[in-house]
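Any value given below was found using the heavy atoms of this structure, including those in side chains, with hydrogens, waters and symmetry copies removed. As the structure is a computational prediction, the values presented were derived from the model and not from experiment.
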Amino acid sequence: VADNPPIDFTFDQWIVISGSNVVFENIASANTSVIMPGNNVTIEAIYKRLPEIKYELVVRNGTGDGIYDAETRVSISADAPPTNKTFLRWIIVSGDPDIENVTSSSTILVMPRGDIVVEATYKEVDTITLYNLIVYDGRGSGEYQEGTAVTIIANAPPQGRQFDRWNVVLGSPDIETLTSSETTLIMPSANVIVEALFTPIFYDLTVSNGSGSGSYIVGTEVAIMAFDCPRNKEFERWIVQRGNPLIVDPNKPSTSLITR
């Protein structure tokens, strides 16, 4: 009985190395019988190389298909993924190839002794949706995911005005403190517009010995008039006891005052 042939070889025939009159039952069979002559005999099993056999590679969702010899290193590449998907891995549908990196969209496959089918697979992409936040008269504008906590800060108010509150122009965000010039806004799943609102600052005007007292914003022109003078006295002038108003004519009992 002949030994198993080496890889890529098959049994060919028996030959006689030494001795004579050797009779084989079947000289071309790896398992046969020999009729011994009247002398010592040495025989040898001869092998021959098999004809080259090529095998088919089918690549689904990719490139690299073809007919190859065993042990051939083949470059395979996955097709571009469909919309909203990304490459996942190579799977072996049939056969027993060696794939160097199953999680790489382009890799090397080593052909086995047999036909094979491999397939590129894909998975859904986790998409991130961003929503636009516009902050009028303040800071914090940008693009954010739903649920993001955004710090919004009102600009410095114009002269004579003060921050009042935040007003939602578009959307339905959750604003932590509407009456705070710096606060936190939680983005909803939609675009948002907010604006900082400012109100005038009112200052008290007290007119002693005259009329015109009240609360006024900066820049207001107020008519002031001195009361009638006590007996034996006459009006002299207006004096400013506190603040920095502009009195149009401080020497007249009836004049105007501009707050500032």
Residue pair Arg139, Ile152: steps toward the side chain to side chain contact (heavy atoms under 4.5 Å, CB included) verdict
CA-CA 6 Å; Arg139 303 192 300 276; Ile152 55 175; over 6 Å; no
Would Val34 and Glu25 satisfy side chain to side chain contact (heavy atoms under 4.5 Å, CB included), going step by step from the backbone distance to the final call?
CA-CA 6 Å; Val34 175; Glu25 182 179 332; over 6 Å; no
Heavy-atom nearest pair, Ser29 first then Phe11, reads C-CE2, 3.3 Å
Side chains of Val135 and Ser141, heavy atoms from C-beta outward: is any pair under 4.5 Å?
yes
Taken to the nearest 0.5 Å, the spacing of Trp238 CH2 from Asn251 CG works out to 12.0 Å
Are Val22 and Pro37 close enough that some pair of their side-chain heavy atoms sits under 4.5 Å apart?
yes
Mind checking whether Val168 and Pro173 have side chains closer than 4.5 Å, heavy atoms only?
yes
Ile153 and Tyr136: same hydrophobic cluster, using ILVMFWY side-chain contacts below 4.5 Å?
no
Heavy-atom count around Glu236 CD within 6.0 Å, excluding the residue itself: above 12?
no
Under 3.5 Å, sequence neighbours excluded: what are the donor-acceptor pairs made by side chains of residues 193-222?
residue	atom	partner	partner atom	Å
Glu195	OE2	Asn167	ND2	2.8
Asp204	OD1	Ser215	OG	2.7
Ser213	OG	Val207	N	2.8
Tyr216	OH	Gly212	O	2.9
Thr220	OG1	Ile217	O	2.8
Glu221	OE2	Ser256	OG	3.2

Hey, does the side chain of Arg89 reach the backbone of Ala120 with a donor-acceptor pair shorter than 3.5 angstrom?
no
Do Asp12 and Thr10 have side-chain N/O donor and acceptor atoms under 3.5 Å apart?
no
In terms of hydrophobic clustering (I, L, V, M, F, W, Y; side-chain heavy atoms under 4.5 Å; direct or indirect links), are Leu130 and Val150 co-clustered?
no
From Ile91 CD1 over to Ile99 CD1, what is the distance, rounded to the nearest 0.5 angstrom?
9.5 Å
In terms of heavy-atom contacts, Pro157 and Arg161 come closest through CB-O, 3.4 Å
Hphob cluster co-occupancy, Val23 + Ile27, side-chain heavy atoms under 4.5 angstrom
no
Hey, is NZ on Lys54 packed in by over 12 heavy atoms from elsewhere, all under 6.0 Å?
yes
How close do Pro97 and Val118 get, counting heavy atoms only, and between which atoms?
CG-CG1, 4.1 Å
Let's go through Ile116 and Leu109 carefully: what are the C-alpha distance in whole Å and the side-chain angles of both, what is the deciding distance for side chain to side chain contact (heavy atoms under 4.5 Å, CB included) to 0.1 Å, and is it a yes or a no?
CA-CA 11 Å; Ile116 56 171; Leu109 177 150; 3.6 Å; yes
I'd like to check Tyr55 versus Leu57 (side-chain heavy atoms, cut-off strictly below 4.5 Å). Are they in contact?
no
Heavy-atom nearest pair, Val248 first then Thr255, reads CB-OG1, 3.7 Å
Between Ser104 and Ser106 (side chain of the first, backbone of the second, donor and acceptor by atom type, cut-off under 3.5 Å), is there such a pair?
yes
Any link between Val240 and Leu257 through a network of hydrophobic side chains (Ile, Leu, Val, Met, Phe, Trp, Tyr) touching at under 4.5 Å?
yes
Is it the case that more than 12 heavy atoms not belonging to Met36 sit under 6.0 Å from its CE atom?
yes
Exactly one candidate in Val117, Ile76, Asp79 meets side chain to side chain contact (heavy atoms under 4.5 Å, CB included) with Val59; the answer is Ile76
Candidate pair Thr103 and Asn101, rule side-chain hydrogen bond (donor to acceptor under 3.5 Å, both in side chains), full reasoning:
CA-CA 6 Å; Thr103 58; Asn101 188 348; 2.9 Å; yes
Taken to the nearest 0.5 Å, the spacing of Leu88 CG from Tyr122 OH works out to 10.5 Å
Once rounded to the nearest 0.5 Å, what's the spacing between atom OH of Tyr47 and atom CG of Asp3?
5.0 Å
Nearest heavy-atom contact between Trp14 and Asn26 is CD1-O, 4.2 Å
Atom of Trp90, atom of Thr107 and distance for their closest heavy-atom approach:
NE1-CG2, 3.7 Å
Could you check whether any side-chain heavy atom of Thr63 comes within less than 4.5 Å of a side-chain heavy atom of Ser77, counting everything from C-beta outward?
yes
Please check if atom CD1 in Ile17 has more than 12 non-hydrogen atoms from other residues, nucleotides or ligands closer than 6.0 Å.
yes
Counting distance only, does the side-chain N/O of Asn31 pair as donor-acceptor with the main-chain N or O of Val1 below 3.5 Å?
no
In terms of hydrophobic clusters joined by side-chain contacts under 4.5 Å, are Ile46 and Phe9 together?
no
Min side-chain heavy-atom separation Ile35-Phe24 under 4.5 Å:
no
Could you walk me through whether Gln145 and Thr129 pass the side chain to side chain contact (heavy atoms under 4.5 Å, CB included) test, one step at a time?
CA-CA 6 Å; Gln145 291 179 247; Thr129 302; over 6 Å; no
If we only count heavy atoms from C-beta on, is the Pro81 to Phe87 side-chain gap below 4.5 Å?
no
Under 6.0 Å from the CG atom of Asn39, do we count more than 12 heavy atoms belonging to anything else shown?
yes
For residues 181-192, dump all side-chain donor-acceptor pairs below 3.5 Å to protein atoms at least two apart in sequence or in another chain.
residue	atom	partner	partner atom	Å
Thr183	OG1	Thr177	N	3.0
Asn191	OD1	Asn132	N	2.8

Rounded to the nearest 0.5 Å, the CZ atom of Arg73 sits from the CD1 atom of Ile108 at a distance of 5.5 Å
At what distance, to the nearest 0.5 angstrom, does CD of Glu124 lie from OG1 of Thr83?
10.5 Å
Do Asp69 and Met111 make a side-chain contact, defined as non-hydrogen atoms from C-beta onward lying under 4.5 Å apart?
no
